[in-house]
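Count residues from 1 along the sequence. Values in this document were obtained by computation on a predicted structure and should not be read as measured data. All values below were derived from every heavy atom in this structure, side-chain atoms included, with hydrogens, water molecules and symmetry-related copies excluded.
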Amino acid sequence: MTGRTMSLRSRLFLVILVPLLLVSVLLGVWRYSVAQRTSEQLFDRSLLAAALAISRDVTVSEGDALSPSARALISDAGGGEVFYHVTGPGGIYVTGYAYPPSFSGRISDDGPHFFVADYRGERVRVLRMSETTTIDNLTGKTVVTVWQRVSDRQAFATELARRAVILIAGLMAALAVVVWFGVAIGLRPLLGLHDAIARRSPNDLSVIQRPVPAEVSGIVATLNRLLGQVEDSIDAHKAFISDAAHQLRNPASALLSLAETLPAVHDPAERQQRERELIDAARNAAHLTEQLLRAERLHHGGLPLMERFDLNAMAERVCADQAPAVLARDIDFTYEPQGEPVFVQGDTVLLGEALANLIDNALKHGGPRMTEIIVSIRSCGTFAEVLVCDDGRGIPSDKVDVAFRRFGQLGTNQGSGLGLAIVQDIACKHNGDVKSLDVAQGACIRMRLALRAM
């Protein structure tokens, strides 16, 4: 039992949403850094505006109190409290808080100077600028110092980042909902495909014609091809069973008939004749059954065992085994090997069986006037050829297809109609072919195989 895996909907949801979530996190970090820089710029500009307003009022009022507009600007500078300190020419205190944040450096005369310092235990952002002014007929440097808590700036930046995070989180939540239900809508054709497959059965292997997305059209095409192959295989098995039952019916009936009549025969000679007929009938039935099983194994079996061997030696061995049966019929039997080794790649047992079937086919179908069978081996280009020729009745040109067909019969004889079909299956397993050649007299069957280089 296989373990349960995550659904395709969940996988697509995670594949789409996880990268977006990572991007949103990076975006949030970037937005926070941008918020910090933005708050720094805004607050620094606010401090600069407050310093310029204070310097203007001090110059205009010659050291008197700040105007209401300047006070309003200072109190609303960036939303945080702003502190200030002003000294006039000669370092005389003019207005503001008594003690500004200390600064150990030197103030330049070319513009405002920003720095961070400690003020009463807190970190503050300080702006210090100096200008040449005249107060009470005294001309000199007026130093304006304004400062603001760093915590106020950080709170402002945090608020900006928080709003951005809330916006991003809302968008991600909406996107998650859209993706979750969008994936479900997108997968509906697959659910329909599941229903179409579920309706298929051994009695219904028709192709699936339901419209499907382009991404799964290849899967459907492969599945339809597989269904077609399964249907063809089932039909082939059904045909084989039907043909086998038809072919075995006559031998079985003959065996039963001979067995039933044998007890009634009392004459020793006739009884011996009936026994020989019974044995021959049983032998033919066994041979037919063996050929049926061999043909079925060849048709549905795997690849043969391939090895490199000399076709001359294999053919000589087969001819030696078949010679007693041929010579017993008073038929000349000739074997003509190639003058040099003919190497092929294949299964010696199957190819030997194919040659034996060709010889047996000539014996059974050559007719009573056949006087010779010739087996020859030759090489022709890139192919090796095995020829089995006889001077018997031959195969009519319009009956060649019938002769190579399973259970094909050209007339009433002892054959099963499987010999040449088996030879053809063996040749196809070895990427070869079998053909009936046109000859002046008799029949000549050629089995052709690819040559194997040394």
Side-chain angles (χ1 to χ4, degrees), residues 1-50 76-82 112-119 122-127 146-198 208 210-224:
M1 180 178 179
T2 58
R4 187 175 181 180
T5 59
M6 187 182 301
S7 67
L8 182 58
R9 183 184 185 185
S10 299
R11 289 186 181 214
L12 290 175
F13 180 77
L14 292 178
V15 167
I16 296 174
L17 207 62
V18 168
L20 292 177
L21 184 60
L22 294 176
V23 171
S24 66
V25 171
L26 296 176
L27 185 61
V29 173
W30 171 80
R31 189 67 188 88
Y32 179 73
S33 64
V34 170
Q36 283 187 319
R37 290 195 300 269
T38 301
S39 66
E40 288 291 335
Q41 294 173 359
L42 290 176
F43 277 77
D44 285 349
R45 290 177 182 178
S46 298
L47 286 179
L48 180 58
D76 192 40
E81 186 177 4
V82 176
H113 181 75
F114 291 93
F115 62 93
V116 178
D118 291 324
Y119 180 73
E122 291 184 305
R123 300 290 287 175
V124 293
R125 178 72 168 174
V126 184
L127 167 62
V146 292
W147 65 93
Q148 194 175 36
R149 297 184 185 92
V150 173
S151 60
D152 293 339
R153 298 181 170 218
Q154 291 178 343
F156 181 79
T158 302
E159 179 62 20
L160 290 179
R162 185 182 68 85
R163 293 178 182 179
V165 169
I166 292 175
L167 177 61
I168 294 173
L171 291 176
M172 287 298 299
L175 184 61
V177 173
V178 171
V179 169
W180 180 255
F181 290 101
V183 169
I185 295 173
L187 290 177
R188 282 180 182 175
L190 294 183
L191 298 178
L193 179 61
H194 172 268
D195 295 336
I197 296 174
I208 299 173
R210 181 182 297 268
V212 294
E215 291 77 6
V216 296
S217 60
I219 297 176
V220 175
T222 303
L223 181 60
N224 284 335

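Rounding to the nearest 0.5 Å places CD of Q154 at 7.0 Å from CD of Q36. Between the CG atom in D44 and the CD atom in Q148 there is a gap of 9.0 Å [rounded to 0.5 Å]. Here the CZ-CG distance, from F114 to L48, works out to 5.5 Å after rounding to the nearest 0.5 Å.
Minimum interatomic distance between W147 and V126 (heavy atoms only, all atoms of both residues): CB-CG2, 3.8 Å. Nearest heavy atoms, L14 versus P19: O-CD, 3.8 Å. When all heavy atoms of R31 and A164 are compared, the closest pair comes out as CG-CB, 3.2 Å.
For the pair L175/L171, no side-chain contact is recorded, criterion being any heavy-atom separation below 4.5 Å from C-beta on. Side-chain contact between S151 and F156 is absent, with no heavy atoms from C-beta onward closer than 4.5 Å. Between M172 and L21, some side-chain heavy-atom pair lies under the 4.5 Å cut-off. The side-chain heavy atoms of R125 and F43, taken from C-beta on, include no pair separated by under 4.5 Å.
When the shell of 6.0 Å around CZ of R45 is examined, it contains 12 or fewer heavy atoms from other residues, nucleotides or ligands.
Of the candidates D152, L47, L127, V82 forms a side-chain contact (heavy atoms from CB on, under 4.5 Å) with just one, namely L47.
Salt-bridge formation is detected for the pair R162/E159: a Lys NZ or Arg NE/NH1/NH2 atom is positioned less than 4.0 Å from an Asp or Glu carboxylate oxygen.
The ring pair (Phe, Tyr, Trp, His ring centres under 6.0 Å) check on Y32 picks up nothing, with sequence neighbours excluded.
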